[in-house]
Amino acid sequence: MNENPRSFPPVSTVAASPRHLLWLVLPLIVLVAAVLWLLQSDPLRGFNNGAPPVENLTIERTVLDEDGVRMLVRAGGSEPMTIAQVQIDAAYWQFTQEPAGTISRGDTAWVAIPFPWVLGEAHKVTFVTNTGATFDHEIPVAVPTPKVSGSGLVSQAVLGAFVGILPVAVGLMCYPALRGAGRNTMTFLLAMTVGLLAFLLVDTMTEALEFASQSAAIFQGSVMVILTAVASFLTLVVIGRRHGSPTGLALATYIAIGIGLHNFGEGLAIGAAFAAGAAGLGTFLVLGFTLHNITEGIGVAAPILKIRPKLVHFVGLTLLAGGPAVLGIWVGSLAFAPHWTAIALAIGAGAIAQVIVEVTALVGRSESARVDYARILSPAAFGGIATGLAFMYVTAMLVKI
């Protein structure tokens, strides 16, 4: 068994021969021929019993203005479909469609109905296809859809600052008080970060799956969310570990990115609720969002307690973690679609999972740079995780409506 590894033949670096290329092209030729035969001969016609094709229609956006109701619909059936009639509150209404005609699978169209909607009232819209299939959509509270305006964007920015930027800034202001933390206190704070991030991970995935269920079936909502989250996680792990496990300011930056992506998805949901007239954000609810997110700032500060970042670093971390809430509210109120919100939340979930892995590794890292599992299982670590989970769970009660 003492074979010399040098005796193995070297891997050939010679370009593929024409015969090798033929064996690559031949399977493609067979596949194309099979597809052409299937299309020409239509062997499935024997299974056709006269039943209408399976149809699916998803309403992705509703716009209410002085001209009536406009709705963006997406077809998801097995065949192109045609909208024949539209009912609102059980009455038929004339409508226009852009583009006109049949809607192919996966395509969208705008349907405009000159319906005199009533402010604050609920309306039920029913689409009837040429096969007789019906698809219902509820407008829970009729309010004018926000339009792009300077005052509107400023108001939304102020709201985004209150629910995103302000709480992160308040949390980071605890940095001087936490700098003298001992080893156990540091372990507790880092573990608390893991706890709050674990809550955000579960909450983000739950919201992503909820929005995915509202998206067109063609997007395969739950599969789309899981694959997007995994891809986000793996991508950030590869980027983050190019030069070893991130620590200090680098780890704080990754925490801010994960929280920022979560806040972007949260902002999308708030903006979409405003556009649909489904949210009544009062002062108490805004304060609840602020209190709920304060711990996020402490989580960002935890990895940098042993260093002295510059003021610009604190400003950057605050904007990175809280600023996306402003952008999310803008986008959600003006150009909302459930599958885009689901994707944004899934990306955030993957980023949060990556940060959990890195912070957990930092909790267990000993002075020799090796992972000490005893530190991960210590009472301080367990207490920190429990505190983070409990605080996020209790404050989340203030923002659930």
Side-chain angles (χ1 to χ4, degrees), residues 156-157 159-161 163-169 171-172 193-212 215 221 224-241 246 249-272 289 292-303 315-333 335-359 388 392 396 399:
Q156 292 173 354
L159 174 62
V163 302
I165 297 176
L166 177 62
V168 175
L172 281 172
T193 301
V194 174
L196 71 91
L197 290 173
F199 181 91
L200 287 180
L201 175 61
V202 175
D203 186 58
T204 303
M205 284 298 293
T206 301
E207 291 184 10
L209 292 171
E210 181 179 343
F211 279 102
S215 63
M224 174 187 69
V225 166
I226 293 173
L227 291 179
T228 302
V230 171
S232 171
F233 170 76
L234 294 177
T235 300
L236 289 173
V237 167
V238 171
I239 295 174
R241 296 210 168 190
L249 188 58
L251 182 56
T253 301
Y254 280 110
I255 294 176
I257 291 174
I259 292 174
L261 289 172
H262 167 79
N263 285 336
F264 178 74
E266 197 172 70
L268 283 175
I270 294 174
F289 271 109
H292 179 62
N293 292 340
I294 284 177
T295 316
E296 297 175 352
I298 298 177
V300 174
V315 174
L317 291 172
T318 300
L319 294 178
L320 194 59
V326 177
L327 182 60
I329 292 177
W330 283 342
V331 175
S333 64
F336 167 75
H339 58 275
W340 289 120
T341 303
I343 290 174
L345 288 168
I347 294 173
I352 292 170
Q354 181 257 352
V355 174
I356 290 175
V357 171
E358 300 297 356
V359 177
M392 296 297 285
V399 299

If you measure from [atom1] on [X] to [atom2] on [Y], what distance do you get to the nearest 0.5 Å?
X    : Y    : atom1 : atom2 : answer
L320 : Y254 : CG    : OH    : 11.5 Å
M224 : I343 : CE    : CD1   : 4.5 Å
E207 : H262 : CD    : NE2   : 6.5 Å
L197 : I259 : CG    : CD1   : 5.5 Å
L196 : I255 : CG    : CD1   : 8.5 Å
T228 : L345 : OG1   : CG    : 11.0 Å

Taking all heavy atoms of [X] and all of [Y], pick out the closest pair and write down the distance.
X    : Y    : answer
V225 : A342 : CG2-CB, 4.1 Å
V168 : T318 : CG1-CA, 3.9 Å
A161 : P167 : O-CD, 4.1 Å
P324 : G260 : CB-O, 3.2 Å
S215 : P338 : CA-CG, 4.0 Å

Could you give the side-chain donor-acceptor pairs of residues 232-239 under 3.5 Å, partners two or more places apart or in another chain?
| unit_1 | atom_1 | unit_2 | atom_2 | d |
| --- | --- | --- | --- | --- |
| S232 | OG | I347 | O | 2.8 |
| S232 | OG | A351 | N | 3.4 |
| T235 | OG1 | A231 | O | 2.7 |

* Side-chain contact, heavy-atom cut-off 4.5 Å: L249 with L317? -> yes
* Is it true that a side-chain atom of N263 and a backbone atom of A321 form a donor plus acceptor pair closer than 3.5 Å? -> yes
